[in-house]
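First the structure, in the form of structure tokens, and then the observations on it.
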Amino acid sequence: MEKILEIKNLKKYFYSEGKVIPAVDGIDIDVKKGDIVGIVGESGSGKSVTSLTTMRLIPGDVEDGTILFDNKNILELPEKQMRTIRGNDMAMIFQEPMTSLNPLLTIEDQIGEVSRTHMGFSKKQAKDHSLKLLKLVGIPRPEQVLEEYPHMLSGGMRQRVMISIAMAGNPKLLIADEPTTALDVTIQAQILEQLKNLSIEYDTSILLITHDMGVVAEMCDYVYVMYSGKIVEHTSSINLFSSPKHPYTQGLLKSIPSLDAEQDRLYSIQGKAPNPDEVLEGCPFAPRCEMAMEICSKTSPPLEEIEPGHFTKCWLYSEEEKQKRGVR
Amino acid sequence: MLNFIIKRLLYLIPTLLGVTIVCFFIIRAIPGDPAQVIAGAEATAEQVEQVRAQLGLEGTLFQQYIDYLWGLLQGDMGNSLKSGQPVLSEILSKLPTTLFLTGASIIVMIVIGLIAGVVSAMKPNSHSDNFFMMFALFGISMPVFWVGIVLILIFSYFLQVLPTGGDSEFKNFILPAITLGLASSAILARLTRSSMLEIVNQDFVRTARAKGLKSNKIIFKHTFRNALITIITVIGLEFGNLLGGTVITETVFSMNGLGRYIIQAIQFRDYPAVQGSILFVAVAFVLINLLVDLTYGSIDPRLREK
């Protein structure tokens, strides 16, 4: 199938007090048309930087790599042209619905702004369009909500407004950066359902950033697991949940509480994620890895296809290491 | 809304009562005796007492205050000790000059302050930012009377394009308004810059950028409007400073306004004139701040009265 987004060898570094912080360090991500693709990782793994870089919302150049959106390298586009893509063909939903809307403007204004900017709608047209969008995301009493201000709406309602803003340009790609993290669980499920329906109905691809494996299981066709600025495993979500390969992914899945098994303590991955500015030899997960071998702390493993359609970045699956350990 | 305005206007009463008390007693606490001043240095004690009686300055201070307050309630601010004319009509004749000067300096403050602040905030630490912040530092540091004299030197003496003083024509107000507005514009510039920079980092500005809006929409519609609350608060407070600043500016530029009137009244220990003028200034200050509070609601829906 055709790809809507193709990130190749993307490197985005930050420089602070003479230190280099490789927030995103050479990642490849593909999103096919109509797919929902997840990026999973804990805080500081670089998933948000990846999404903001894709929208070109982070100042400064990338170190290396290309981002092909609809077969155009958007990293080379002049800002003016990028602006016509942002909010139009490529839109974004943020984590914090409480602060992501402008407190001084009506909902009508904030949604209508998009169609007025990108489609040249008149005020009246924009209003009708906004009303349609609010109905689309299932907001009750949409006519009234149009006239209201963000502080009059609940968190779930605001996130729906954010989704209608994102959908206003009928985007080919929707980037959702932890869209449900700030919401309570019942609302979370409704919002996810909504996103999924929109994706199917409008053939919109979604790049879903999350730290929640449950959300991934619910939503995604394909998953990338990110750790310390690198992709450590990627495969279809069915593969990932049925046979996770990377010890980090295994740890993440084990740390989901289960209703079936009796557990005294919840499993957690030992140690903590490395500071982004720490320079680590070898695999960045090695210090926390229960399966770590000698080589892990010396050389970083390559990202390899170890089964058809299943890629991981771990020495456990390299032929040489398998032989050494006598695994067949 | 109307209730709010009425409530605020009722608050005016205790405020103004406080102003009359403080003003009445402090001016009398200053050494110096108007009866002695009017009677002259060589007057005998009896002559001084006679003048005192004519001026209505006998009796206890408390008695005098009650009389004064009673007069005020009837719209009588007393007669000037110096000219013998009613203070109210003297003040009303000086007021237009001062209001015009204050208004003009507010315009100077807003124009210079906002432009400098917004331009600086658009590119922090750029050359234009450094230039404007340097300018702001100068503006805050230079005393008003000195700025006035320097401006007179440049524009009136060397270039001979503007008059050194007076208040009869529009061009008389140019130098005084700049003199008076400069320090306030510097403060406004700094505060505009910092509140713009704070707002720019808010999530909703990121949302605005993610919508693909043009940068001037992002700057004015999304950032500046949110910074306006701070900006308007500062303008309201600076109004008080400007009104107070007219005292010096009018003196430097020999303008016949309320500021100079107050200075002369204080020098002469002209009690009714001082009290009356300060009352006017206080009312103006309270009204402007009421206006500021009313503006908040029109900018920020969260502050609107339900």
Side-chain angles (χ1 to χ4, degrees), chain A residues 48 51-52 54-59 79-107 109-119 147-152 158-159 161-162 164-166 168-169 171 174-177 182, chain B residues 1 114 118 120-129 192 195-235 292-306:
Chain A
S48 285
S51 64
L52 289 170
T54 307
M55 286 289 282
R56 277 192 36 193
L57 285 175
I58 295 184
E79 173 62 22
K80 205 174 162 189
Q81 236 173 306
M82 186 61 210
R83 236 171 17 218
T84 62
I85 294 178
R86 249 189 239 133
N88 194 17
D89 292 334
M90 192 200 295
M92 188 158 180
I93 307 169
F94 298 98
Q95 177 172 355
E96 273 300 331
M98 301 314 266
T99 52
S100 291
L101 290 168
N102 189 328
L104 306 188
L105 305 175
T106 59
I107 303 301
D109 197 356
Q110 302 197 47
I111 304 175
E113 221 170 24
V114 179
S115 56
R116 289 212 302 258
T117 306
H118 294 296
M119 304 169 199
E147 318 276 311
E148 290 181 354
Y149 292 91
H151 72 276
M152 301 159 139
R158 289 188 212 189
Q159 196 60 304
V161 170
M162 283 302 290
S164 28
I165 290 174
L174 184 63
I175 302 176
D177 189 352
Chain B
M1 185 65 156
L114 287 191
V118 171
S120 295
M122 275 159 65
K123 281 195 180 144
N125 301 321
S126 63
H127 288 305
S128 56
D129 179 28
T192 303
S195 68
M196 288 280 286
L197 287 179
E198 197 189 308
I199 305 285
V200 155
N201 290 319
Q202 302 274 327
D203 288 347
F204 59 79
V205 176
R206 187 182 58 188
T207 305
R209 287 165 58 214
K211 285 178 185 172
L213 300 181
K214 294 207 171 86
S215 51
N216 53 11
K217 268 253 163 90
I218 295 170
I219 290 167
F220 289 102
K221 187 171 174 185
H222 289 274
T223 312
F224 183 69
R225 255 178 93 158
N226 275 280
L228 261 184
I229 290 285
T230 315
I231 291 169
I232 289 190
T233 308
V234 176
I235 292 176
V292 166
D293 284 349
L294 291 176
T295 333
Y296 285 159
S298 70
I299 297 168
D300 193 336
R302 289 166 298 182
L303 301 175
R304 252 164 240 171
E305 290 269 310
K306 299 262 154 46

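Residue numbers start from 1 in every chain, and the chains themselves are labelled A, B, ... in the order their sequence lines are given, proteins ahead of strands. These numbers were taken from a predicted model, which means no experiment stands behind them.
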- Heavy atoms only: give me the nearest A/Leu104-B/Ile299 pair and the separation to one decimal. CD2-O, 3.7 Å
- Proximity breakdown for A/Ile175 and chain B, heavy-atom pairs closer than 4.5 Å: neither
- So, the part of A/Met162 with a heavy atom under 4.5 Å from chain B: the answer is side chain
- If we only count heavy atoms from C-beta on, is the A/Gln110 to B/Lys211 side-chain gap below 4.5 Å? yes
- Taking all non-hydrogen atoms of both residues into account, name the closest pair between B/Thr207 and A/Ser100 and its distance. OG1-O, 2.7 Å
- Item | Heavy-atom pair of closest approach, residues A/Pro103 and B/Pro301 | O-CG, 3.4 Å
- Query: Given that the side chain runs from C-beta out, which part of A/Leu52 has a heavy atom under 4.5 Å from chain B: side chain, backbone, both or neither?
  - Reply: side chain
- Among B/Leu228, B/Val205, B/Leu213, residue most engaged with chain A (heavy-atom pairs, under 4.5 Å): B/Leu213
- Task: Please round to the nearest 0.5 Å and tell me the distance separating atom NZ of B/Lys214 and atom NZ of A/Lys80.
- Result: 8.0 Å
- Without swapping roles, check the side chain of A/Thr99 against the backbone of B/Asp203 for a donor-acceptor pair under 3.5 Å. no
- Query: Taking A/Leu101, A/Thr117, A/Leu57 one by one, which has the highest count of heavy-atom pairs under 4.5 Å against chain B?
  - Reply: A/Leu57
- Query: Are A/Glu113 and B/Lys221 close enough for a salt bridge, meaning some N to O gap below 4.0 Å?
  - Reply: yes
- Task: Determine whether B/Arg225 and A/Asn102 make a side-chain contact, defined as any pair of heavy atoms from C-beta on separated by less than 4.5 Å.
- Result: no
